[in-house]
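A quick note: this is a predicted structure, and the numbers were derived from the prediction, not measured.
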Amino acid sequence: MSLMASLFTFNFIFFIALQLLSLTGAQTSQCRPFCGNIPINYPFGIDEGCGSPYYSHLLVCSEPGKLELRTPSGRYPVKSISYSDPHILVTDPFMWNCLDGDSFRPTRPFILDTSTHLSLSSQNDYLFFNCSEENVIVQPKPMFCERYPEKCDSSCDSSSYLCRHLPECASALTRSTCCSYYPKATESLRLMLKYCASYTSVHWRNTGETQPDDQVPEYGIRVDFDIPVTTRCLQCQDTSKGGGTCGFDTKTQSFLCLCERGNVTTYCNDDSISRHTRKGVIAGAVSGVSVAGAFGIGAGIWYYRKVRAKAPVTCGVQSNENRIF
């Protein structure tokens, strides 16, 4: 290869490298607003640095648009998320369902990490099937216990409304027993499952109608969550201030407002921060180009000397083989 062609090839590669460097520096973090058809809003996030750090890595969105909640007992499909009445509705594939009937599959307790801002809703009811009456107190409870379970003892209610009217499949059980019990701790749930064949969770969904049709039972586990409200996040989300997305620094966990032009610590249209950010970007770009340029010049000199050392000796006569320009 001639010296002219070699230098042209080197310069072309160096130019491409500079373009890639500038493109990489211009990219900003984006937060996906949906996983499938489920909206992902603050305080949640399914991408690094999005949402509140308190809920980091709790939700996982796989490629087909399947959203799952991650807990110490496993990953559970998310049916819906409500932000007006903050809760997540999840399903547990190991729980009993209408298709099982009197056949009970091996199950496991649903467990939440107590260090998170998630909690099991009091609107959940748990139904246990074929419990050993030698180890579990199974007996009917007064009617008021369904509304005020804290005022009743810890027995498993065999006269529960839900046991008598299983949602979607009232006659699914023909030869099995059922009782309702709300475990107040994870250990209580483990003990119940030790002496019962299986269990399921039913939550009461608010319909918005007037009583007595204001709630209907549905299978699933309702998990309540808190929305950490801060002035900085409200300012960041304010459309008059740029309409950013609340996020956080993945290293320091400190607040960041994620904007199209980059991340700031206040809000997107903050002029002082914007000017500072632009200067920083320009300075960073110039520094990057300067370092790359210095590297390129040094590499070019080294390459030239290497080629020149191998060039044929022509006694000072310039030829096509040793021509520089």
Side-chain angles (χ1 to χ4, degrees), residues 31 33-46 50-61 66-95 107-128 145-152 154 160-162 167 180-190 192-193 199-209 211 213-230 233-234 237 246 248:
C31 300
F34 284 91
C35 179
N37 60 350
I38 301 178
I40 307 298
N41 300 333
Y42 184 83
F44 297 115
I46 51 177
C50 298
S52 168
Y54 295 120
Y55 297 99
S56 177
H57 304 300
L58 289 181
L59 293 181
V60 181
C61 184
K66 180 181 179 182
L67 186 64
E68 293 178 307
L69 174 67
R70 179 184 290 154
T71 78
S73 56
R75 286 163 57 155
Y76 301 89
V78 175
K79 291 178 64 177
S80 62
I81 301 178
S82 172
Y83 297 93
S84 57
D85 177 21
H87 71 271
I88 306 171
L89 184 61
V90 302
T91 58
D92 184 352
F94 290 91
M95 284 185 174
T107 187
R108 64 186 182 187
F110 177 83
I111 301 173
L112 283 179
D113 186 350
T114 56
S115 66
T116 65
H117 287 229
L118 301 177
S119 61
L120 285 173
S121 173
S122 59
Q123 296 185 32
N124 293 323
D125 276 323
Y126 299 91
L127 305 181
F128 294 85
C145 289
E146 294 185 359
R147 286 289 182 178
Y148 308 100
E150 69 279 358
K151 297 182 179 180
C152 300
S154 57
S160 163
Y161 170 84
L162 290 175
S180 176
Y181 173 72
Y182 187 90
K184 294 182 172 63
T186 300
E187 189 58 32
S188 299
L189 179 57
R190 287 199 185 100
M192 288 293 291
L193 290 180
Y199 85 122
T200 193
S201 173
V202 177
H203 78 103
W204 291 88
R205 179 174 62 85
N206 294 319
T207 63
E209 303 292 334
Q211 292 184 349
D213 301 321
D214 57 329
Q215 292 183 325
V216 294
E218 290 183 353
Y219 293 105
I221 307 171
R222 172 174 166 145
V223 178
D224 293 338
F225 63 89
D226 301 322
I227 300 180
V229 179
T230 64
C233 183
L234 292 175
Q237 293 175 326
C246 298
F248 60 94

Handout entry: Aromatic ring proximity His117/Tyr54, centre distance under 6.0 Å
Key = yes

Handout entry: Test item: Met95 and Tyr199 side chains (from C-beta on) under 4.5 Å apart, heavy atoms
Key = yes

Problem - Any side-chain heavy-atom pair of Ile81 and Phe225 under 4.5 Å - result: yes

Practice task
Measure from the side-chain N and O atoms of Tyr83 to the backbone N and O of Pro39, and report whether any donor-acceptor pair falls under 3.5 Å.
Solution key: yes

Exercise for the section: For Tyr76 and Pro109, work out which heavy atoms get closest and say how close. Expected result: OH-O, 4.1 Å

Practice task
Answer yes or no: is there a donor N or O on one side and an acceptor on the other, between the side chain of Tyr219 and the main chain of Pro167, under 3.5 Å?
Solution key: yes

Handout entry: Non-hydrogen side-chain atoms of Ile221 and Val223 separated by less than 4.5 Å
Key = yes

Completion exercise
Closest non-hydrogen atoms of Tyr126 and Asn124, given as atom of the first, atom of the second and distance, are OH-ND2, 3.7 Å

Problem - Partners meeting salt bridge (Lys or Arg N to Asp or Glu O under 4.0 Å) with Lys66 (sequence neighbours left out) - result: Glu68

Exercise for the section: Look at the side chain of Ser201 and the backbone N and O of Gly220, then say whether any donor-acceptor pair between them is shorter than 3.5 Å. Expected result: yes

Practice task
For the residue pair Ser160 and Tyr181, establish whether any side-chain heavy-atom pair is separated by less than 4.5 Å.
Solution key: no

Handout entry: Side-chain donor/acceptor of Ser73 to backbone N/O of Ile111, under 3.5 Å
Key = yes

Exercise for the section: Report yes if the distance between the aromatic ring centroids of Phe110 and Phe94 is under 6.0 Å, otherwise no. Expected result: no

